[in-house]
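First comes the structure, then the notes that go with it.
By convention in this document, chain letters (A, B, ...) are assigned in the order of the sequence lines, proteins followed by strands, and residues within each chain are numbered from 1. Small disclaimer: the values here were computed from a predicted structure and weren't measured.
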2 protein chains.
Amino acid sequence: MARTAQSVEFFQSDGDSLSDEAKEASLLAASASIIRYRAGETLYVEGDRAPMCYQVASGVVKEYNTLEDGRRQVADFYGVGEIFGISELDWQLHTAEAITDCAVRSYRRDLFLKAVASSPDFSHRFLDTLMARLHRSRERMIMLGRMSAAQRVAAFMVRLSNEQNVTRNVRFLMSRQDIADHLGLTIETVCRVLTEMKRQRVVVFDTARLFSIPDTRMLEDVVQGGKKAR
Amino acid sequence: MARTAQSVEFFQSDGDSLSDEAKEASLLAASASIIRYRAGETLYVEGDRAPMCYQVASGVVKEYNTLEDGRRQVADFYGVGEIFGISELDWQLHTAEAITDCAVRSYRRDLFLKAVASSPDFSHRFLDTLMARLHRSRERMIMLGRMSAAQRVAAFMVRLSNEQNVTRNVRFLMSRQDIADHLGLTIETVCRVLTEMKRQRVVVFDTARLFSIPDTRMLEDVVQGGKKAR
DNA sequence: CGTGCAATTGAAAGTACTCAAGCCACGTGG
DNA sequence: CCACGTGGCTTGAGTACTTTCAATTGCACG
């Protein structure tokens with residue numbers, strides 16, 4: 001979740017901005033407000049008009065789509081600093097829901113886009129953010145299209161470990177269902193994979209949502225091809 | 001492939017551009033050159049330095065990643081007008097290969113980015129392109145994560161039909177292997193699904209790469225949940 | 001010390017994959 | 001003009017992996 005650290009100060013002006021940019025930026029800042037949500041609350045629903053865009057101030061938010069039959073695909077989890085809820089269209093493409101209690105800064109979408117257009121600097125940073133997200137999205141395509149259940153779960157755990165900058169006491173901030181929905185698996189499969197990894201001591205669990213990685217190498221081997229290789 | 005029609009004239013100036021923008025645009029235009037490739041030729045390889053970015057002038061190009069074990073994930077196919085080969089990094093994230101004989105306009109990446117930064121108009125259009133691509137990419141995540149083999153293939157055929165604006169004599173411009181690599185399936189599974197759809201007369205094949213859709217509704221039903229619903 | 005939800009486990013049923021072989025259209029050379 | 005490769009596409013049989021359905025266990029909370 002914290003991969004685009006730069007985005008934390010996305011909306012702060014540079015000091016040496018041109019007056020035009022400064023004006024857009026201050027307009028944007030003026031449109032901002034902080035909203036708090038309880039874990040489980042919905043921020044917006046797929047198809048809603050999308051007048052605002054958001055940035056996580058604290059907590060974790062997930063964005064997902066629901067299929068007719070009730071299954072879900074979690075597009076992504078957003079942590080502190082990350083921008084979400086901005087699409088090229090006038091309506092939201094996903095449903096967003098607070099996973100933990102959280103605080104979210106909201107900005108008027110039109111002002112945000114205007115600020116981006118008016119400032120080469122904003123524009124550049126926003127482009128970077130979008131391209132990074134596209135990159136992430138494509139990594140996930142490889143994961144969903146080509147990796148086995150064990151590989152997906154292991155890759156996800158590596159990601160969490162990296163994001164949290166620890167190999168001990170890494171936290172699952174989301175439920176097994178959320179993990180499954182993100183990885184394109186069922187909750188049962190996620191459990192079984194975790195159990196098997198426990199059994200092989202690739203990971204050690206303190207509680208269901210708190211684990212440690214004794215040997216990073218071992219976990220990464222699972223990501224490579226411990227199973228279903230070729 | 002032709003969803004972002006706007007991108008065709010991505011690099012044409014507006015006429016009413018500011019001089020600064022006009023300058024960037026002409027510099028960019030000056031850096032452009034057209035390169036022709038034969039079907040099967042490689043444009044660049046994952047990891048290559050990425051000094052250029054590209055736009056398809058004719059033909060079809062695929063961008064893909066290769067896994068250690070040789071399997072591939074085709075990220076996308078690009079048709080006339082589409083921009084590709086631009087990443088936030090200095091190196092290519094994918095390998096690009098000509099599927100058909102094709103012609104490609106190449107631009108210097110640094111000039112392209114400068115032109116984008118200097119022009120609100122360019123910037124806006126490029127943002128739209130990126131966001132549209134992000135959108136596509138996420139649709140593909142749903143496909144890879146949540147749809148059965150039959151659903152994926154059917155969805156892909158619907159996409160082709162839409163892109164080519166026909167329901168009769170729709171063409172597969174790529175091989176079965178490419179389709180499989182794109183959909184996260186094996187070539188055999190793609191074949192079996194196609195055979196089954198033929199059998200049920202959801203689609204009719206003239207040749208292996210040319211098919212018609214007698215009843216759009218029927219094909220769309222397959223996309224929904226003809227199989228593996230819930 | 002129940003209650004209720006999350007997580008885990010088991011057994012059976014699918015679904016897609018692997019490996020292996022057959023088919024077909026097409027271009028080449030005899 | 002036809003036999004013979006070649007490469008792409010299909011089909012078959014068996015297998016491995018995931019899901020489905022059904023319980024069971026674990027845990028936080030009142």
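For A/Gln151 and D/dC17, the CD to P distance is 11 Å, given to the nearest whole Å. What separates CZ of B/Arg176 from C1' of C/dC23 is a distance of 14 Å, to the nearest Å. Note: CG (B/Leu144) to P (C/dT15) measures 19 Å, nearest angstrom. With rounding to whole Å, B/Ile187 atom CD1 is found 17 Å from C/dA16 atom P. One can place CZ of A/Phe205 at 12 Å from C1' of C/dT8, the figure rounded to the nearest angstrom. In this structure, B/Glu196 atom CD and D/dT11 atom C1' are separated by 13 Å, rounded to whole Å. In this structure, A/Leu67 atom CG and D/dT19 atom P are separated by 14 Å, rounded to whole Å. Atoms CG (B/Asp181) and P (D/dG8) sit 13 Å apart, rounded to a whole Å.
Nearest to the side-chain atoms of A/Thr195 among the listed nucleotides D/dT20, C/dT8, D/dA13 stands C/dT8. Among D/dT18, C/dC17, C/dT18, the nucleotide with an atom closest to any side-chain atom of A/Ala149 is D/dT18. The nucleotide whose nearest atom lies closest to any side-chain atom of B/Ser148 is, among D/dT18, D/dT10, C/dA16, C/dA16. In the set C/dT9, D/dC9, D/dT19, D/dT19 carries the atom at the smallest distance from any side-chain atom of A/Leu185. Out of C/dT9, C/dC17, D/dT10, the shortest distance to the side chain of B/Thr189 is found at C/dC17.
Distance OH/B/Tyr54 to CD1/B/Ile34: 13.5 Å, rounded to 0.5 Å. Note that the CG atom of A/Leu185 and the CE atom of A/Met147 stand 10.5 Å from one another [nearest 0.5 Å].
Between A/Arg209 and C/dA6 there is no side-chain polar atom (N or O) within less than 4.0 angstrom of OP1 or OP2. Phosphate contact (OP1/OP2 of D/dT19, side-chain N/O of A/Thr186, threshold under 4.0 Å): present. Note on B/Arg192: every side-chain N or O is 4.0 Å or more away from OP1 and OP2 of D/dG12.
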Check: So B/Glu63 and B/Tyr44, side-chain hydrogen bond (donor to acceptor under 3.5 Å, both in side chains) or not? Walk me through it.
Finding: CA-CA 9 Å; B/Glu63 240 187 359; B/Tyr44 50 80; 2.7 Å; yes
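Nearest-nucleotide mapping onto DNA chain D: of A/Val190 and A/Thr207, the residue sitting toward the 5' end is A/Val190.
Residue contacts for A/Ser175: at a heavy-atom cut-off of 4.0 Å it reaches the sugar-phosphate backbone alone, with no base atom in range.
Between the side chain of A/Glu188 and the base of D/dC21, at least one donor-acceptor pair of N or O atoms lies under 3.5 Å.
Using a 4.0 Å cut-off between charged side-chain N and carboxylate O, B/Arg146 and A/Asp181 make a salt bridge.
Below 30°, between 30° and 60°, or above 60°: for B/Phe211 and B/Phe205 the angle between ring planes is between 30° and 60°, a tilted geometry.
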